[in-house]
A.B. asks: 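My questions all concern the structure below.
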Amino acid sequence: MKQSNSVLLIYTGGTIGMYKTNKGSLKPFDLDTLSTQIPELNTFDVDINAISIAQPIDSSNMSKEVWIQLAEIIEKEYNNYNGFVILHGSDTMAYTASALSFMLENLNKPVILTGAQLPIGVRRTDAKENIITSIEIAAKGNIPEVCVYFEYRLMRGNRCTKANAEHFEAFKSPNFVYLAEAGLDIKYSPIKYSHTHKDLKVHTNLCEDVLILKLFPSMKKEYIASVLNFSYKGIVLETFGAGNATTTGWFLKSVQSAVRNKKLILNISQCISGSVSQGLYETSSKLEELGVISGKDMTSEAALTKMMFLLGGDYSLKEIKHRLQISLRGELSN
Ligand code: ASP
């Protein structure tokens, strides 16, 4: 059934899925009573349908199985809606948004993840505004991307990160402009999106042989050397500043043997904003020489899920190395 102005809400769990009852307890909200919880939805000229994943979860329990469920729901319902809104816990929202951005190739409609710091029914809840504006943007259907909407800002999903555990403004997009900001009106950034007429292609093969290693001063050789040479396929190495790491012999030797064993090492900065620039300092030139790949200005969430996506695909090692360094879904600045 083709609807004119329609949005599918997909509920996965988290604070946004809770409401505070008159007696003060928190309960998961019933999707059938959504418009009772948020009466403002009745003023919309939009058909809103809501479904839930099989087993709603706190997003700290997020897994690739749920990402696949979400991608498959969107694939099945793609032609029936103008856009999709995913209600998700904020803790791992940036991972889900990044993963979906890679899994949904040729996406030509908005997929907006949103959440809340306070449940519906709590006096100062942010849930209502986040849901209402996400639906409004999704219904318009003009942004062909996986996005995150939180506290008046629409962000590219694979560019944002959770930066605050308490404030309503929980997410930042440190290396990319906001796609829209909601004030009296919703102001869209003048970004040229690449709309496509190709069919949506959903990738569900994600490789889990990946990990993140954050460097720190005074790392112990036994631990780090064994992690670097453990049986994974790709590692996101979170380095200092513009992509710098210790030049201690044992560390560089461990990196060298990992690369020789065909492991992918992707260099991401621990800094919240800015980019890796291998070769700027001697402490990153060595990594470049050894074959470590620059992740440029990607977030850790985007870097990890991009590796999962590429390693799960049918690419040669050379192709994966190349694709890691170019923008596939707007996740890095070239
Ligand atoms: N722990 C919750 C979750 O991520 C927090 C939230 O909903 O924002 O599911």
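When a residue number appears, it is its place in the shown sequence, counting from 1. As the structure lists them, so they are numbered: ligands from 1, and atoms in each ligand from 1.
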A.B. asks: Ignoring angles and geometry beyond distance, decide whether D91 reaches within less than 3.5 Å of ligand 1 through its nitrogen or oxygen atoms.
C.D. replies: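 Yes - when backbone and side-chain N and O of D91 are compared with those of ligand 1, one distance drops under 3.5 Å.
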A.B. asks: Report yes if some N/O of S90 lies less than 3.5 Å from some N/O of ligand 1; otherwise report no.
C.D. replies: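 Such a contact does occur with ligand 1.
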A.B. asks: Short list, please: which atoms of ligand 1 are under 4.0 Å from a heavy atom of G14?
C.D. replies: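 Counting atoms of ligand 1 from 1, those under 4.0 Å from G14 are 7 (O), 9 (O).
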A.B. asks: Tell me which one of I16, L87, T15 gets a heavy atom nearest to atom 5 (C) of ligand 1.
C.D. replies: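 Looking at heavy atoms only, T15 sits closest to atom 5 (C) of ligand 1.
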A.B. asks: Given the ring of F84, does K109 sit roughly above its face, with NZ or CZ under 6.0 Å from the centre of the six-membered ring and within 45° of the axis?
C.D. replies: no
A.B. asks: Give yes if a backbone or side-chain nitrogen or oxygen of S59 is under 3.5 Å from a nitrogen or oxygen of ligand 1, and no if not.
C.D. replies: yes
A.B. asks: So if I apply the side chain to side chain donor-acceptor pair (under 3.5 Å) rule between T92 and each of S59, S60, S63, which one comes out positive?
C.D. replies: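 The passing option is S59.
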A.B. asks: Hey, is A170 touching ligand 1 through its side chain, its backbone, both or neither, going by heavy atoms under 4.0 Å?
C.D. replies: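 Neither; nothing of A170 gets under 4.0 Å from ligand 1.
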A.B. asks: Identify whether the distance between the nearest side-chain nitrogen and carboxylate oxygen of K162 and E301 falls below 4.0 Å.
C.D. replies: no
A.B. asks: Between M93 and M62, is any pair of side-chain heavy atoms under 4.5 Å apart?
C.D. replies: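 SC-SC contact between M93 and M62 ruled out.
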A.B. asks: For ligand 1, find out whether one of its N or O atoms is nearer than 3.5 Å to an N or O atom of D58.
C.D. replies: yes
A.B. asks: Between E181 and R153, does any side-chain N to carboxylate O distance fall below 4.0 Å?
C.D. replies: yes
A.B. asks: Search all heavy atoms of S90 against all heavy atoms of F171 and return the closest pair with its distance.
C.D. replies: O-CZ, 3.3 Å
A.B. asks: By number and element, which atoms of ligand 1 are closer than 4.0 Å to a non-hydrogen atom of A116?
C.D. replies: 8 (O)
